[in-house]
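Only heavy atoms go into these numbers, but all of them, side chains included; no hydrogens, no water, no symmetry mates. In what follows, residues are counted from 1 in the order of the sequence shown.
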Amino acid sequence: STPEACARELADMYCSPDSDVLISCGGGELMCEILPYLDFGRIASASPKWYMGYSDNTNFTFLQAVLCDTASIYGPCAAAFGMEPWHQAVSDAFGVLTGACLNMHGYDGWEKESLKTPECPTAAWNITEPRILRSYENGQLCSPDRTELDFTGRLIGGCMDCLVNLTGTRYDKVHEFNERYANDGMIWFLESCDLNVMSIRRAMWQMDQAGWFEHVRGFIIGRPLAFGQEMMGLDQYEAVMGIARKYGVPAVMDADLGHLPPAMPFICGSMASVRIKGNDMSLKMELV
């Protein structure tokens, strides 16, 4: 299909009274190319429903919140629901879809090497790595055994690969969103796919210079696909904190978010309370 046809199909499915929920089949890669043809006015005036996906779906989940003032779910794509048994993260995502679960905790471990193949696209996640959170208060790394951070704000974010691509375009209405919810403050949840650590730093710089982090109350940073990478003395932590540190707000890194599963489902546009205690993160979301 052409980008124009894809945009029309997405709007038709979203606005159709016959569909209750839309779950993306995959990451998209060039989803940005449908944006010029997507009727956001029509979507904003439609009866709201859940759209869920991650990675390149940021082009819709993020803009649905920013342009349409409608919440969306940054969560697993359809194939994840084919794994047996379901991981708790999949159950959490289903709970968000059904309204049964808006509160959750982080998971014990994560997958470094996937077992998925073209012949077995629904393989269960290969959990081999322990989750180890890195938390920051006032820009300084916290001692794991003494970490206790609480912050609230409106969740906004997604995949940095896509977000930086939107920065400065006609779809960049982040300033208006920030001002609309200035009293709530913002919690930015961010993760990355194809970006190396230098690209992550440049993306953070660009979003910062565009004023996106106005009214920020905290950062939740997922495990990057380039986990453990270091280039010219820059690692995944300073790639983010080198820009975020100046805001002096709580930040947690290597959170359960992004392309190295499992990932918590984040309701983009919702109000959230985040608690970091030791090596655990709890997330409570509210649709207000």
Side-chain angles (χ1 to χ4, degrees), residues 54 73-75 87-89 91-93 95-96 101-112 127 129-160 181 184-192 200 204 207-208 212-224 227-228 235-288:
Y54 81 113
I73 305 172
Y74 195 78
H87 187 277
Q88 183 60 46
S91 297
D92 286 344
V96 173
C101 175
L102 294 181
N103 304 336
M104 57 203 69
H105 285 265
Y107 315 112
D108 290 337
W110 56 279
E111 173 187 89
K112 189 173 185 179
I127 307 298
E129 309 300 310
R131 179 202 59 206
I132 302 174
L133 298 180
R134 289 174 64 104
S135 302
Y136 295 79
E137 186 174 22
N138 296 317
Q140 301 303 310
L141 183 64
C142 299
S143 173
D145 59 341
R146 297 184 179 180
T147 300
E148 193 163 338
L149 302 173
D150 294 274
F151 51 103
T152 62
R154 197 162 289 271
L155 285 172
I156 191 72
C159 182
M160 281 191 276
Y181 295 110
D184 298 334
M186 301 295 148
I187 297 175
W188 280 91
F189 65 92
L190 301 167
E191 57 99 5
S192 59
I200 291 171
M204 289 292 296
M207 290 186 285
D208 174 49
W212 281 25
F213 300 145
E214 290 178 300
H215 312 305
V216 65
R217 297 278 182 84
F219 292 95
I220 301 173
I221 311 297
R223 295 177 289 267
F227 189 91
D235 63 14
Q236 66 201 58
Y237 306 109
E238 275 305 302
V240 172
M241 292 306 300
I243 301 298
R245 181 174 286 112
K246 68 181 182 181
Y247 291 99
V249 298
V252 57
M253 302 191 67
D254 292 346
D256 290 318
L257 167 67
H259 285 71
L260 292 174
M264 289 182 176
F266 283 72
I267 301 178
C268 192
S270 70
M271 277 296 294
S273 298
V274 180
R275 180 170 178 79
I276 312 296
K277 187 169 185 180
N279 195 41
D280 187 38
M281 170 179 147
S282 63
L283 177 66
K284 297 181 179 180
M285 297 176 285
E286 187 178 3
L287 293 170
V288 292

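- In this structure, Asp235 contributes its side chain and Glu238 its backbone to a donor-acceptor pair below 3.5 Å.
- The minimum heavy-atom distance between Asp254 and Ile132, with the atom names listed, is CB-O, 3.7 Å.
- Atom CD1 of Ile221 sits about 11.0 Å away from atom CD of Gln236, to the nearest 0.5 Å.
- Looking at Tyr74 and Glu191, their side chains do bring a donor and an acceptor atom within 3.5 Å of each other.
- Remark: the backbone N or O of Lys284 is not paired with any side-chain donor or acceptor of Asn103 at under 3.5 angstrom.
- A donor-acceptor distance shorter than 3.5 angstrom exists from the side chain of Arg223 to the backbone of Leu260, with no hydrogens or angles considered.
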Worked verdict on Arg275 versus Asp280 for side chain to side chain contact (heavy atoms under 4.5 Å, CB included)
CA-CA 8 Å; Arg275 180 170 178 79; Asp280 187 38; over 6 Å; no
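- For the pair Trp212 (side chain) and Trp188 (backbone), a donor-acceptor distance under 3.5 Å is absent.
- Counting only distance, with no hydrogens or angles, the side chain of Glu148 and the backbone of Lys277 share no donor-acceptor pair below 3.5 Å.
- Aromatic pair Trp110/Phe227: ring centres closer than 6.0 Å.
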What's the verdict on side chain to side chain contact (heavy atoms under 4.5 Å, CB included) for Leu257 and Phe266, showing C-alpha distance, side-chain angles and the deciding distance?
CA-CA 9 Å; Leu257 167 67; Phe266 283 72; 3.8 Å; yes
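- Nearest heavy-atom pair across Thr147 and Cys142 is OG1-CB, 3.4 Å.
- Not a single donor-acceptor pair under 3.5 Å links the side chain of Arg134 to the backbone N or O of Met253.
- Here the closest non-hydrogen pair linking Met160 and Ser192 is CE-CB, 4.2 Å.
- When side chains are defined from C-beta on, Phe189 does not count as touching Val274, because their heavy atoms never get closer than 4.5 Å.
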Step by step, work out the side chain to side chain contact (heavy atoms under 4.5 Å, CB included) result for Met207 and Ile243.
CA-CA 10 Å; Met207 290 186 285; Ile243 301 298; over 6 Å; no
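- Residues Leu283 and Pro265 approach most closely at CD2-O, 4.3 Å, considering heavy atoms.
- At least one side-chain heavy atom of Asn279 sits under 4.5 Å from a side-chain heavy atom of Arg131.
- Here Met104 contributes atom CE and Met281 contributes atom CE; the two are 9.5 Å apart, rounded to the nearest 0.5 Å.
- A pairwise comparison of heavy atoms in Pro224 and Ile200 identifies CB-CD1, 4.1 Å as the closest pair.
- Contact of the Met264 side chain with the Ile220 side chain is not registered, since no non-hydrogen atoms from C-beta on lie closer than 4.5 Å.
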Might you work through the side chain to side chain contact (heavy atoms under 4.5 Å, CB included) test for Ile156 and Cys268, ending with a clear yes or no?
CA-CA 5 Å; Ile156 191 72; Cys268 192; 3.7 Å; yes
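- Ring centroid separation for the pair Phe213 and Phe219 comes in under the 6.0 Å cut-off.
- Taking both residues in full, the closest heavy atoms of Pro250 and Leu149 are given as CB-CD1, 4.2 Å, listed atom of the first, atom of the second, then distance.
- Within 6.0 Å of the CG atom in Asp108, the count of heavy atoms belonging to other residues, nucleotides or ligands does not exceed 12.
- Distance OG/Ser270 to CD1/Ile73: 10.0 Å, rounded to 0.5 Å.
- With a 4.5 Å cut-off on side-chain heavy atoms, Arg217 and Asp184 do not count as touching.
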